[in-house]
Amino acid sequence: QVQLVESGGDMVQPGNSLRLSCAASGRTLNGYATAWFRQAPGKEREFVAGYSRNGGYTYYGDSVKGRFTISRDNGKTMVYLQMNSLKPEDTAVYYCAAGRGVITSSIMNHRQYDFWGQGTQVTVSS
């Protein structure tokens with residue numbers, strides 16, 4: 001079992017930056033695909049960024065490429081999402097997720113993930 005807890009959400013103005021953190025407990029994330037998803041009211045859960053199971057590859061949703069960066073610590077218990085040049089359309093609840101059986105072709109599919117955090121709210125507004 002993996003427990004995930006997100007933090008770092010806030011209300012910021014457009015163009016500003018935020019860094020989200022996801023802390024894993026119960027075991028390390030070694031061997032798990034890990035990802036950030038987001039969900040705005042009335043919308044589907046959207047893939048934001050993720051690591052492959054071996055940690056060797058990163059993937060980004062089209063809407064955040066070039067602005068967001070996913071990273072993790074060497075101890076494989078923390079995953080971060082650096083968000084720059086934030087836009088109002090980035091407003092959503094952001095979730096951290098982990099899955100042991102996620103294959104590369106399904107990394108953007110939220111249904112493939114086994115463990116989820118409770119989410120952290122990001123609001124971008126002037």
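Because only heavy atoms are used, hydrogens play no part in the values below, and waters and symmetry mates are left out as well, while side chains stay in. What you see is a predicted model, and the numbers here were worked out from it, not measured in a lab. Counting from 1, the numbers follow the sequence of the chain as shown.
Within a 6.0 Å radius of CD in E89, other residues, nucleotides and ligands contribute more than 12 heavy atoms.
In the hydrophobic clustering of ILVMFWY residues, with side-chain heavy atoms under 4.5 Å counting as a link, V102 and L81 come out apart. A chain of hydrophobic side-chain contacts below 4.5 Å, direct or via other Ile, Leu, Val, Met, Phe, Trp or Tyr residues, connects M108 to V93. Residues F47 and Y57 share a hydrophobic cluster, clusters being chains of Ile/Leu/Val/Met/Phe/Trp/Tyr side chains in contact below 4.5 Å.
Of the possible polar contacts, none joining the N84 side chain to the S17 backbone as a donor-acceptor pair under 3.5 Å is found. A distance-only check finds a donor-acceptor pair linking the side chain of R67 to the backbone of S85 [under 3.5 Å]. The main-chain N or O of S106 is never found under 3.5 Å from a side-chain atom of N109 such that the two would form a donor-acceptor pair. The closest donor-acceptor contact from the side chain of R53 to the backbone of G56 lies at 3.5 Å or more, if one exists at all. No donor-acceptor distance shorter than 3.5 angstrom exists from the side chain of Y80 to the backbone of T69, with no hydrogens or angles considered. Using modelled atom types, no side-chain atom of E6 and backbone atom of C22 make a donor-acceptor pair closer than 3.5 Å.
Of all heavy-atom pairs between Y60 and I70, the closest is OH-N, 2.9 Å. Minimum heavy-atom separation, L4 to A24: CD2-CB, 3.8 Å. Across all their heavy atoms, A33 and Y113 have their closest contact at O-CE2, 3.8 Å.
Between S125 and P88, the closest side-chain pair of non-hydrogen atoms is not below 4.5 Å. Within the 4.5 Å cutoff, the side chain of R38 has no heavy atoms near those of the Y95 side chain. Side-chain contact between L20 and W36: present, with at least one pair of heavy atoms (C-beta onward) separated by less than 4.5 Å. A heavy-atom distance below 4.5 Å is not found between the side chains of T77 and L29. The shortest distance between side-chain heavy atoms of Y32 and V2 falls below 4.5 Å. Counting heavy atoms from C-beta on, the side chains of W116 and C96 never come closer than 4.5 Å.
In this structure, OG1 on T120 lies 8.5 Å from CG on D10, to the nearest 0.5 angstrom. Put simply, CD1 on I107 and OG1 on T34 are 7.5 Å apart, with the number rounded to the nearest 0.5 Å. Note that the CD atom of Q118 and the CD atom of Q3 stand 12.0 Å from one another [nearest 0.5 Å]. Atom OG1 of T58 is separated from atom CZ of F68 by 14.5 Å, given to the nearest 0.5 angstrom.
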Report task. Any chance you could lay out the side chain to side chain contact (heavy atoms under 4.5 Å, CB included) test for M83 and V122, step after step, and finish with the verdict? Result -> CA-CA 10 Å; M83 305 186 295; V122 173; 3.9 Å; yes
Query - CA sep, side-chain torsions, deciding dist, call: T123, V12, side chain to side chain contact (heavy atoms under 4.5 Å, CB included) - result: CA-CA 6 Å; T123 302; V12 297; over 6 Å; no
Requested in this report: I would like to know whether M78 and S21 meet side chain to side chain contact (heavy atoms under 4.5 Å, CB included); could you show each step before the answer?
Outcome: CA-CA 7 Å; M78 296 293 299; S21 299; 3.9 Å; yes
Query raised in the report: Can you list the steps and then say if F115 with Q1 is a side chain to side chain contact (heavy atoms under 4.5 Å, CB included)?
Result: CA-CA 8 Å; F115 305 104; Q1 286 286 341; 3.2 Å; yes
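No side-chain donor-acceptor contact under 3.5 Å links S7 and R19. Using modelled atom types, one finds a donor on one side chain and an acceptor on the other under 3.5 Å when comparing N54 with S52. The closest side-chain donor-acceptor pair between Q121 and T91, if any, does not fall under 3.5 angstrom.
Under 4.0 Å is where a charged nitrogen must lie from a carboxylate oxygen, and between K65 and D62 at least one such pair does.
Remark: R72 qualifies as a cation-pi partner of Y51 under the 6.0 Å distance and 45° angle criteria applied to the six-membered ring. Cation-pi geometry between R45 and F37 is not met at under 6.0 angstrom from the ring centre and within 45 degrees of the axis.
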